[in-house]
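Quick note: numbers below take in every heavy atom, side chains included, and nothing from hydrogens, waters or symmetry partners. For ligands, and for the atoms within them, numbers begin at 1 and follow the listed sequence. As the structure is a prediction and not an experimental result, all values here were calculated from the model.
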Amino acid sequence: MAEKRAQFGTKIGVLMATVGSAVGLGNIWRFPYECGNGGGAAFLVVYIAFVFLLGVPAICAEFSLGRSSRKGMPLSFRVTDGSRRWDILGYASIIAAFMILAFYAVVAGWTLEYIMDSVTGLFKDTPNSDRHAQFASFVSGWRAVGWALLFLLINALVMTGGVVKGIERVSNILTPLLFLLLIVFSVNSLLMPGAAQGLEFMFKPDFSKLTTEVVLGALGQAFFSLSLGMGCLVTYSSYFSDDTPLVKTAMQISVLDTLVAVMAGVIIFPAVFSFGMSPAEGPTLVFEVLPNIFHNMPGGSFWSFLFFVLLALASLTSIISVSEIVVAFLCDCFGMTRIKATCIVTGISLVTATLCSLSFGSLAELNLFNIFDFLSSNVLLPLGGMGLCVFVGWRMKRSAYLEQMKRESGVPAFVFDYITIGIRFVAPACILTVFIAGLL
Ligand code: PHE
């Protein structure tokens, strides 16, 4: 091994880095549009149920595997099982990571463009009727490519700082800042005239709206948002210290991640109703509706600047965690230095992100953006997550993973049963359902 394995310096650093991974475009860009499509409150109820039924046990499974083996993907399987039979799961994670890096960088790049637009006052100067055409023309061009590439370079800069100095330091600053901005924004939205209607949409469930599609959408969203199924949390937990509380951290991540998603809804839906827009706008909700809202808001340029800075920062801490899966793999398996590994990951991603971005323009026929999104979220993540739970629940010794979790005090005994049943039965069953539905 080229370098001694790094460890997170502090408990709060562990929490900030793992929450920083979970909280990203998944919460602030994807959750509101999925929730809007799924009819609001009914989606939210099912989503929260999945986070705690499946999410918490699955996070514990990834944590136990990562810390007991002190390895990332795929070595954690190899070291634990003493064979190469499960390596395929690790390689699937690496492929999924590259796919997510590519399209995530593109959407994150859009946030950088919108930060610029906020500064130059473009939202203020463009009438709402032109918004759609303006966004379509931007995403189809080379400007969008440029922003995606810039985002990847910023990511590389943080990555070369190393685990403790880079990720931890950045996350320690960014994550609390993100929460602060979200609170300011929620208050701002709650003062809007459509606040009551927005809150009713978010919090008053109409279960007649629950279709299989909505339920599966909520399951997939829980999965993506918690960074589950591709060994991201296995890799991070391989840097945990021996006494990092796994169950508590899993709980904290789930609660905070859900809180951010709900806050994003509280920010977006009152605004959507205040300006007579549709909550079921789809993936363009944040990028087309919010500028409209900012256009009509007093101090709009200032608020849009803050919002897109927040979104860019949240995306950065998430994309860092995706890159870390591959960087740890290259360091552990090939003895590379972090700098060399980061250069390789960034080099490949620069090419794939360019191809993804051009999927909205000259490469629309191929549409690598959609292919990567579909293959990673609907195929590789569910498959990997199911494999991880099956491996930890059925292949690892029960005493081995329970020993990892039982190192912390103050956790009631029934919690361990809930986690064990979740890892062995509930999570694999739910994930299998998502996988089959994704294929269909
Ligand atoms: N959870 C991140 C988000 O919500 C995305 C992500 C997925 C990060 C998988 C790591 C692994 O944006």
*Heavy-atom donor-acceptor pair, Ser315 side chain to Ala108 backbone, under 3.5 Å*: no

Pull out every atom of ligand 1 sitting under 4.0 Å from any heavy atom of [X], numbered as shown with elements.
| X | result |
| --- | --- |
| Asn27 | 4 (O) |
| Gly24 | 3 (C), 4 (O), 12 (O) |
| Ser225 | 1 (N), 4 (O) |

Nearest-neighbour protein heavy atom for [atom], which is reported as residue plus atom name and distance:
| atom | answer |
| --- | --- |
| atom 4 (O) of ligand 1 | Ala22 O, 2.8 Å |
| atom 8 (C) of ligand 1 | Ser227 OG, 3.3 Å |
| atom 12 (O) of ligand 1 | Tyr104 OH, 2.4 Å |

Can you tell if the side chain of [X] reaches within under 4.5 Å of the side chain of [Y], non-hydrogen atoms only?
| X | Y | answer |
| --- | --- | --- |
| Leu101 | Ile348 | no |
| Phe151 | Val106 | no |
| Arg424 | Trp394 | yes |

Do any nitrogen or oxygen atoms of [X] come within less than 3.5 Å of a nitrogen or oxygen of ligand 1?
| X | result |
| --- | --- |
| Gly26 | yes |
| Ser321 | no |
| Val322 | no |
| Leu25 | yes |

Sequence neighbours left out, cut at 3.5 Å: what donor-acceptor pairs do the side chains of residues 39-62 make with other protein atoms?
from  : atom 1 : to     : atom 2 : distance (Å)
Glu62 : OE1    : Leu233 : N      : 3.2
Glu62 : OE1    : Val234 : N      : 3.3
Glu62 : OE2    : Gly229 : N      : 2.9

*Does ligand 1 have any atom sitting under 4.0 Å from a heavy atom of Trp29?*
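Per 4.0 Å heavy-atom rule, Trp29 does not contact ligand 1.
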
Please report, to 0.1 Å, the donor-acceptor pairs under 3.5 Å made by any side chain of residues 246-253, with sequence neighbours excluded.
from   : atom 1 : to     : atom 2 : distance (Å)
Lys248 : NZ     : Ser409 : O      : 3.4
Thr249 : OG1    : Pro245 : O      : 2.5

_I need the contact type for Phe224 against ligand 1. Using non-hydrogen atoms and a strict under-4.0 Å cut-off, is it side chain, backbone, both or neither?_
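The answer is both.
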
*Determine whether the side chain, the backbone, both or neither of Met230 has a heavy atom under 4.0 Å from any heavy atom of ligand 1.*
side chain

*Which residue from Ser323, Ser376, Ser21 reaches closest to atom 2 (C) of ligand 1 through any of its heavy atoms?*
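That would be Ser21.
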
_Phe201, CZ atom: more than 12 neighbouring heavy atoms under 6.0 Å_ =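 Correct, the count exceeds 12.
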
*Does the side chain to side chain donor-acceptor pair (under 3.5 Å) test come out yes or no for Ser241 and Thr244, once each step is laid out?*
CA-CA 6 Å; Ser241 66; Thr244 299; 3.2 Å; yes

*Would Ser304 and Ser118 count as a side chain to side chain donor-acceptor pair (under 3.5 Å) if you check the C-alpha gap in whole Å, the side-chain angles of each, and the deciding distance to 0.1 Å?*
CA-CA 6 Å; Ser304 65; Ser118 308; 2.9 Å; yes

